[in-house]
Amino acid sequence: MNLEQKIYKKLLEVPKGQITTYGELAKAVGLKNGQRAIGKIMNKNPYPVIVPCHRVVMSTGKIGGYAYGEHIKTKLLNDEGIKTENGKIKDFEKNVFRF
DNA sequence: CGGCTGGCGTCGT
DNA sequence: TACGACGCCAGCC
């Protein structure tokens, strides 16, 4: 299975209302420091909508980027019950999902 | 808090 | 096929 396939599959394990970081996701698929790689793949994202790439944020608690616009990502997160403020997760520690 | 460097896969040339 | 640039970061200074 391709790396990206594994990434998408892992990401699907993240329940609605919870988020994860690029680093955690990277390690979950076998990468130690491949956060940027994750971002690259997410950016390609051949299955938008199916893959909730908006549930992935930076380890610092910031929202991070999004192929369709950071504001869209923020909106989607809020829609799932994840509060944000000034481009960063409000209750980051609480909503983080550990694999 | 801002800036610079490190590290990894994919894409384009 | 090989090499360099890029991307929705992370971490240290």
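Below, chain A is the first sequence line, B the second, and so on; all start at residue 1. These numbers were taken from a predicted model, which means no experiment stands behind them.
The side-chain hydrogen bond (donor to acceptor under 3.5 Å, both in side chains) test with A:Glu80 singles out one residue from A:Lys16, A:Lys75, A:Arg55, and that residue is A:Arg55.
The separation between A:Tyr68 atom OH and C:dG7 atom C1' is 15 Å, rounded to whole Å. As a whole-Å value, the separation of A:Ile19 CD1 from C:dC9 C1' is 15 Å. One atom, CG of A:Asn86, and another, P of B:dC1, lie 11 Å apart when rounded to the nearest Å. In this structure, A:Ile63 places its CD1 atom 12 Å from P of C:dA10, rounding to the nearest Å. The distance between atom NZ of A:Lys27 and atom P of C:dC9, rounded to the nearest whole Å, is 17 Å.
The two atoms that bring A:Gly17 and A:Ile82 nearest to each other are O-CG1, 3.7 Å, heavy atoms only. Here the shortest heavy-atom pairing between A:Val56 and A:Thr21 reads CG1-C, 3.9 Å. When all heavy atoms of A:Met42 and A:Cys53 are compared, the closest pair comes out as CE-CB, 3.7 Å.
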- Item | Protein-to-nucleotide contact annotation, 5' to 3' order, nucleotides 8-13 of chain B [B base; S sugar-phosphate only; - none; under 4.0 Å, heavy atom] | BBBS--
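The distance from the NZ atom of A:Lys40 to the CG atom of A:Leu3 is 14.0 Å, given to the nearest 0.5 Å.
Salt bridge present: A:Lys10 and A:Glu13 bring a charged side-chain N and a carboxylate O closer than 4.0 Å.
Contact between the side-chain N/O atoms of A:Ser59 and the OP1/OP2 oxygens of C:dG11 is found at a separation under 4.0 Å.
Between A:Thr20 and A:Leu11, some side-chain heavy-atom pair lies under the 4.5 Å cut-off.
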- Task: Quick one: the dot-bracket string of DNA chain C, using Watson-Crick and G-U wobble pairs with both distances under 3.5 Å, [ ] for crossing pairs and | for bases paired to another strand.
- Result: .||||||.|||||
Considering only distance and modelled atom types, tabulate donor-acceptor pairs under 3.5 Å from the side chains of residues 88-99 of chain A, sequence neighbours left out.
unit_1: A:Lys88; atom_1: NZ; unit_2: A:Glu85; atom_2: O; d: 3.2
unit_1: A:Asn95; atom_1: ND2; unit_2: A:Asp91; atom_2: O; d: 3.0

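Across all strands shown, A:Met42 has heavy atoms under 4.0 Å from base atoms, whether or not it also approaches the sugar-phosphate.
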